[in-house]
Amino acid sequence: MHFSIFTGVLLSIASHVTAIGQKQIISFESTDGCLTLANGGSSPTVILDGADWEGVIRAGRDLAADFGRVTGQNGTVMLMNGTGVAATNMSSVIIVGTIGNSSLIDGMAKSGKISTGKTEGQWEAFQSQVVSNPMPGINRALVIAGADKRGSIYGIYDVSEQIGVSPWYYYADVPAKQHSSIYALDTPKHQTSPSVKYRGFFINDEQPALTNWVNENFEMGEYGPGFNHKMYAPIFELLLRLRANYIWPAEWNSMLAVDDPRTPPEADMYGIVMGTSHTEPLMRWTKEQSLFLNGTWAWATNEKNVTEFMREGAERSSPYENMYTMGMRGLGDTASPTLDADSLEDIIGVQQDILRDTFDTQDISDIPQMWCLYKEVGGYFEQGMDVPEDITLLWADDNWGNNQRLPLANETDRAAGAGVYYHFDYVGDPRDYKWINTINIAKTYEQMHLSYERQARTIWVVNVGDLKPLEVPISHFFDLAYDEPSMSSPDSTMKWLRAWAAREFGENVADATASVMNTYGMLAARRKYELLDPFVYSNTNYNESGRVLGEWQSLVNSAQAIYNQLDTATQAAFFELVLHPCMAGNIVHQIYLNAGMQNTYAYEWRQSANTLAQQVLDSFNADAALTKRYHSLLNGKWNHILDQTHLGYNWWQQPMRNVAPALEWVQASEVSLGGPLGVTAEGSNGSAPGDSIYNAGLGNWVQTMPPIDPYGPSSRYLDVYMRGPGSTDFMISADQPWVTASPSSGTLGANGSLDMRVLFSVDWSSAPAGQTTVNINITNSAEDYGSVSMPTAVLPVNKTSVPDSFSGFVESDATISMEAEHTTSNTSADGVSYGIIPGYGRTLSGVTLFPVTASSQSAPNGPKLTYDFYAFTHAPDANATVMMGTSLNTNPDRPGRYAIALDDEEPKEVQPVPDFTLGALPEMWYTGVANAVFTNTTRMNIKPGKHSLNLWALEPGVVFQKIVVDLGGVRESYLGPPESMMV
Ligand SMILES: *[C@@H]1O[C@H](CO)[C@@H](O)[C@H](O)[C@H]1NC(C)=O
Ligand SMILES: *[C@@H]1O[C@H](CO)[C@@H](O)[C@H](O)[C@H]1NC(C)=O
């Protein structure tokens, strides 16, 4: 227990209520006019009308139990009818009810105790307030009145969250924060309807992880896995606590209504709107097709049976609240070769007739219907298909978190509106991502803010795979969906993360945890784990793989330091939500990046190739051990939940076993030809003597380092290492006194290490201006060098200088690299300006136009970003590469465009993503989403001196990340050169 140590801190925390983004109605300190709900072992009575929705009463029981979770003393639930209670002078009371369904609430409204006018009839709205003498026998009560079933339920869970129970108390083991005193503030609250009407997730491709977990914990069904009503109940509860209301249940090998007929009524009782996925019309699951459909799933040849099959789905589900998926696709989530826009119009006509028959009404506009424009389906719509107004158009992302299309101006007034089907998990091209969380929520914010502003507000549904490892992006998604305007500013993600961390782990670690998760989101989204390989990051240039490994290690160190401060109960949740993904991501990077380095070492004949190979195998084992650690957590509660393989992908589909990348060994006992000492310069994978350039003039093997100048890295390096057993001393010196080698001598092998990195730095005050070639002399004590002479090395030194008056980026190594947010100036025009989205992208942030509904902009008069830089090199064919987020052209009439210009030159317009039709993404998309960046390069003639690079986003949705100007020196890397120096 750490409480005694931190008493001072805890006191200030004690009153802090941590419901994310919600108006505070609860306090842990007594304030003026507040109502005591719990104090010193007492807990409130939750009073409901026995005739209210069963789901409201059920949530009321949760509330009573939640008080127990927080105070140790459960609240009591009292169901009653009419307006009085038997007991008298009750004061710790919470009265909950649904307007029109609760005689208690309606009675108070009628007698003027409360006024429900603003709430009544508002979808999922609620109000709460402290009321004196709400009814006979009760002195005061916190009264929660919901406009409808879910309004009441959200009102209940608002209290639960504010008293300290996380929505993730079960699914991520977040312990309730302990408090003995709880008060309701005397401040009325009116909660309006959510920003998005239907907010849900899709449990998808839930095999092996979730399926294996389910089968171990729940009874298997007649037809397969144990996805039964007992399994779903906590998921329904989780959704409601997250203020969501909609689900597409698991369907990879299950069919909810058949596997357990008790599940649909259970969902309905809870208040969850049941749906089926985009590819499963009229509430029938794919697996049902092979079991219960006469003939095949083909409209062209089996229309009658398919119609009957769908009719049974509508009838079976008709007692419950559903969202009906309309339309049709081919077999098993694929395009059908025989479907086209005409036949789909027919199919939807038949489906609407089925709904009219089933519900015995001509007007089906109140029956929620959705048509998902997923993959090829969007193409039919583009062909001009006529879709009835009472069907919501559910636009789909590209499976990689980039919306393909959002409502156009002339589509926003469709009666049933529009929505978005989004992905946090995917099985398909260019590669599955279904192991652990790889979502950068800054990007989720950017895409969903755009969706909201573009009026896709009827449905947001997100594919969450196995659900469990995606807790953070799920929470974020539903908070956005519930109250988008409160999270609409570009820096909202960091604020949200902080509030989230405070709720789950406490105030005192909130800043540190938010910072860890912000960094995690960026590092994990740079490239999905499944797409890593040993050579993605350069292990010769910019020390890239070394830097990336360093970032991961420091992330793990930060997460571990927070973990160490937490009490045992909180540690489990922190491990699941924060520490595990950091450690797991670090290990996977160690496996791949060290394997790349290992291969390079073997290529360089280093003795240490073998040591590094063993290190990779150790990491490979650590990966398995970490999975085991997760699986044995809390007595095995989550056994199997990380059964997903994730190492050794060789095409888009998962490997059936985890496989380590290829490693290479040197024959350790033999000495290399050319002696035991090897030398490799930064930027090279050659090894001297031998595999490098023999310089006849110098009479030996030369390794050349990248040039050093005052505006780049402060040192360059040579690696010296053993190329065989035994040991050797080495000495290194430069032929100019103003170049220092560190260390200048050492011992390799035996008691020393097998490799050393020798850094060369320059005393710029003594170095001559301009270019000098400095020769590096290397000697070693080994006698057996045979006929091969010792290697030597060269350090090109380039003493450049910018005028004192200049400020901006300075060229180094014929390269200028600039983070988009580091502008010299940026302008706005007509209320349109640039905003910075922190944490967006691969290295720092994203810069994009706000408001996102702005009209098309123009160059040079539109909002402009300017980057001053100073060049020393004359580069007539310089390349300016703009790196952007992978946003697609969500409006085909206004594809994403930007303009770029050097100085006062004519702006050049660029459309990074070519025009495409839905379901047929352009070729550049595959590498773009794999690399998590779109790039486009413009040629320019750059002369030495000061310049301004000007950049204009011409449409909202273009998000700049980084600009690299290549004056001939840019080397190969994944993230691009590190940012240039600014003076
Ligand atoms: C309350 O009234 C409903 C019908 O309106 C009835 O079903 C229920 O049994 C009653 N409950 C109590 C506790 O009297
Ligand atoms: C409190 O409520 C929970 C959940 O309903 C229950 O499991 C527990 O036994 C209750 N505790 C007491 C002391 O009644």
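We count ligands from 1, going down the list as the structure has it; atoms in each ligand are counted the same way. For reference, positions follow the sequence shown, starting with 1.
Protein heavy atoms are found inside the 4.0 Å sphere centred on atom 14 (O) of ligand 2. Within a 4.0 Å radius of atom 8 (C) of ligand 2, the protein contributes at least one heavy atom.
Heavy-atom contacts of A65 reach the following atoms of ligand 2: 4 (C) (cutoff under 4.0 Å).
Scanning the protein for heavy atoms near atom 3 (C) of ligand 2, the closest one is N74 ND2, 3.5 Å.
A salt bridge does not link E251 with K287: none of the charged nitrogens is closer than 4.0 Å to a carboxylate oxygen. Using a 4.0 Å cut-off between charged side-chain N and carboxylate O, R262 and D260 make a salt bridge.
Of the residues listed (V472, I441, L470, T444), the one engaging F477 in a side-chain contact (heavy atoms from CB on, under 4.5 Å) is T444, and it is the only one.
Contact check for Y563 versus F575: side-chain heavy atoms found under the 4.5 Å cut-off.
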